[in-house]
Amino acid sequence: MSMSEFNSGDAAALGKVGVLFGGRSAERDVSIMSGTGVLAALRSKGIDAHPFDTGQRGITELAAEEFDRVFIALHGRFGEDGTLQGALEQLGIPYTGSGVMACAIAMDKIYTKMIWLMHGLPTPRYAALGADTDLAQVVAQLGLPLIVKPPHEGSSMGITKVRAAADFKAAYDVAAGFDEVVLAEQFVTGRELTVAVLGRGANARALPIVEIVAPDGNYDYQNKYFTDDTKYVCPAALDEATSAEVARLAVEAYRAVDCEGWGRVDVLLRASDNKPFLIELNTSPGMTGHSLVPMAARALGISYEDLCVEIVRSARLKMAQGQG
């Protein structure tokens with residue numbers, strides 16, 4: 001059924017919909033914006049949608065609401081990492097996005113990379129660092145510059161570009177403030193791209209590619225989050241072959257982790273040879289009016305409201321349910 005055919009009967013068939021937002025992660029404020037936008041969009045389509053802030057209300061209250069399905073508009077820990085998805089499976093409430101395992105893996109950049117490498121997908125070489133890791137050996141193995149980041153946080157948290165070996169320890173300490181294990185990754189000089197993916201399995205499809213143009217070169221997440229100088233180009237100005245390859249890789253990366261519903265894959269296109277490298281996978285991307293997934297959908301003529309409807313209609317329980 002096309003979105004234009006969505007009517008009051010379809011809205012009623014979705015039942016009582018909960019929009020889960022807020023939460024307790026470092027990304028609470030963004031989640032509140034995402035959830036507010038999704039709630040308004042669903043209501044504008046006649047859907048019986050209700051807000052539910054998981055940062056202020058617990059699982060018992062969630063069960064008492066008797067939602068027929070929920071739209072997860074949470075970002076970060078306790079919303080995007082599989083913990084909430086497990087609770088929803090226990091409660092028997094169909095939910096949007098990926099299941100417990102895919103969310104838990106995608107939340108950990110190291111495990112995500114391991115799975116991609118097992119599938120033969122390109123991602124920058126890396127090392128997992130602990131308190132006793134010989135950092136000089138890592139520099140010898142991976143070279144400089146390096147990107148050092150906590151594997152469980154959003155990209156803006158605790159990330160450092162290390163240009164000199166002398167700065168490595170300080171970068172490690174910053175990231176270790178967020179996570180027990182720290183990820184060091186080869187730095188790829190090139191263009192920063194992101195690809196929204198919708199659907200499941202063989203039906204997963206990429207939306208038009210977005211290029212993120214930050215003022216001081218690439219991989220500078222300061223510019224993505226804290227300045228107004230970053231520009232977004234959608235669809236990205238790529239030749240047809242490169243565009244097709246990046247989209248194919250993004251879908252493969254999404255499928256490899258067994259994602260579904262929707263997600264966003266970040267890619268770096270190396271300047272020297274136009275080779276794409278997978279960086280990370282986001283199973284609950286931002287859904288504010290300025291977010292990148294709605295931007296990609298708009299380039300295809302899909303409105304924000306229709307995108308929200310498509311996602312909520314894909315809500316389901318991922319685990320085989322027993323009696324009851």
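These numbers come from the heavy atoms of this one structure, side chains and all, not from hydrogens, waters or symmetry mates.
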Check whether any side-chain heavy atom of [X] sits under 4.5 Å from a side-chain heavy atom of [Y], and report yes or no.
X: Lys113; Y: Leu183; result: yes
X: Arg191; Y: Ile212; result: no
X: Arg298; Y: Ser303; result: no
X: Asp68; Y: Pro94; result: no
X: Leu88; Y: Leu84; result: yes
X: Thr54; Y: Arg24; result: no
X: Leu193; Y: Val210; result: no
X: Asp273; Y: Arg270; result: yes

Is it the case that over 12 heavy atoms from other parts of the model lie below 6.0 angstrom from the CD atom of Glu61? yes
If you count heavy atoms of other groups shown closer than 6.0 angstrom to CZ of Arg125, is the number above 12? yes
Glu185 vs Ile110, side-chain contact (heavy atoms from CB on, under 4.5 Å): CA-CA, chis, key distance, verdict: CA-CA 10 Å; Glu185 189 175 62; Ile110 294 173; over 6 Å; no
Any donor-acceptor pair under 3.5 Å linking the side chain of [X] with the backbone of [Y]?
X: Gln85; Y: Gly79; value: yes
X: Thr96; Y: Ala315; value: no
X: Arg200; Y: Gly261; value: no
X: Lys109; Y: Lys149; value: no
X: Asp81; Y: Phe78; value: yes
X: Tyr172; Y: Leu135; value: no
X: Thr242; Y: Leu238; value: no
X: Ser291; Y: Pro294; value: no
X: Gln186; Y: Gly143; value: no
X: Asn7; Y: Asp10; value: yes

If hydrophobic clusters are built from ILVMFWY residues whose side chains come within less than 4.5 Å, do [X] and [Y] share one?
X: Leu42; Y: Leu307; value: yes
X: Val162; Y: Leu268; value: no
X: Tyr126; Y: Tyr111; value: yes
X: Phe187; Y: Val267; value: no
X: Ile302; Y: Val293; value: yes

If you round to the nearest 0.5 Å, how far is [atom2] of [Y] from [atom1] of [X]?
X: Leu39; Y: Ser34; atom1: CG; atom2: OG; result: 12.5 Å
X: Ser314; Y: Phe71; atom1: OG; atom2: CZ; result: 8.0 Å
X: Met101; Y: Ile105; atom1: CE; atom2: CD1; result: 4.5 Å
X: His152; Y: Asp179; atom1: NE2; atom2: CG; result: 5.5 Å
X: His119; Y: Met114; atom1: NE2; atom2: CE; result: 12.0 Å
X: Asp266; Y: Glu192; atom1: CG; atom2: CD; result: 7.0 Å

Which heavy atom of [X] sits nearest a heavy atom of [Y], and at what distance?
X: Gly35; Y: Val19; result: O-CG1, 3.7 Å
X: Leu91; Y: Ala63; result: CD2-CB, 3.7 Å
X: Asn274; Y: Leu269; result: O-CD1, 3.2 Å
X: Ala127; Y: Leu142; result: N-CD1, 3.8 Å
X: Val182; Y: Pro151; result: CA-CD, 4.1 Å
X: Ala296; Y: Cys234; result: CA-SG, 3.8 Å

Run the salt-bridge test on [X] and [Y] with the 4.0 Å N-O cut-off and return the result as yes or no.
X: Asp306; Y: Lys45; answer: yes
X: Asp108; Y: Arg77; answer: no
X: Asp173; Y: Lys169; answer: yes

Apply the test side-chain contact (heavy atoms from CB on, under 4.5 Å) to residues Cys259 and Val197: give CA-CA distance (whole Å), side-chain angles for both, the deciding distance (0.1 Å), then the verdict. CA-CA 9 Å; Cys259 291; Val197 182; over 6 Å; no
Could you go step by step and tell me if Met33 and Asp29 meet the side-chain contact (heavy atoms from CB on, under 4.5 Å) rule? CA-CA 7 Å; Met33 288 193 288; Asp29 290 348; 5.7 Å; no
Angle between ring planes, Phe67 versus Phe52, binned at 30° and 60°: parallel, tilted or perpendicular?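 Perpendicular: the ring planes of Phe67 and Phe52 meet at over 60°.
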Give the intermediate values and the outcome of salt bridge (charged side-chain N to carboxylate O under 4.0 Å, His left out) for residues Arg57 and Asp53. CA-CA 6 Å; Arg57 304 172 69 190; Asp53 186 340; over 6 Å; no
Could you please spell out the steps behind the salt bridge (charged side-chain N to carboxylate O under 4.0 Å, His left out) verdict for Glu65 and Lys16? CA-CA 9 Å; Glu65 286 282 351; Lys16 182 182 180 184; 3.0 Å; yes
Apply side-chain hydrogen bond (donor to acceptor under 3.5 Å, both in side chains) to the pair His75 and Ser25, showing each step before the final yes or no. CA-CA 7 Å; His75 313 309; Ser25 83; over 6 Å; no
Apply salt bridge (charged side-chain N to carboxylate O under 4.0 Å, His left out) to residues Arg313 and Glu310 and explain how you reach the verdict. CA-CA 5 Å; Arg313 286 170 66 186; Glu310 174 162 354; over 6 Å; no
Quick one: side chain to side chain donor-acceptor pair (under 3.5 Å) pairs with a partner in residues 251-263, sequence neighbours left out?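 For residues 251-263: Glu260-Arg316.
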Could you go through the side-chain contact (heavy atoms from CB on, under 4.5 Å) check for Leu207 and Val195 one step at a time? CA-CA 7 Å; Leu207 297 183; Val195 189; over 6 Å; no
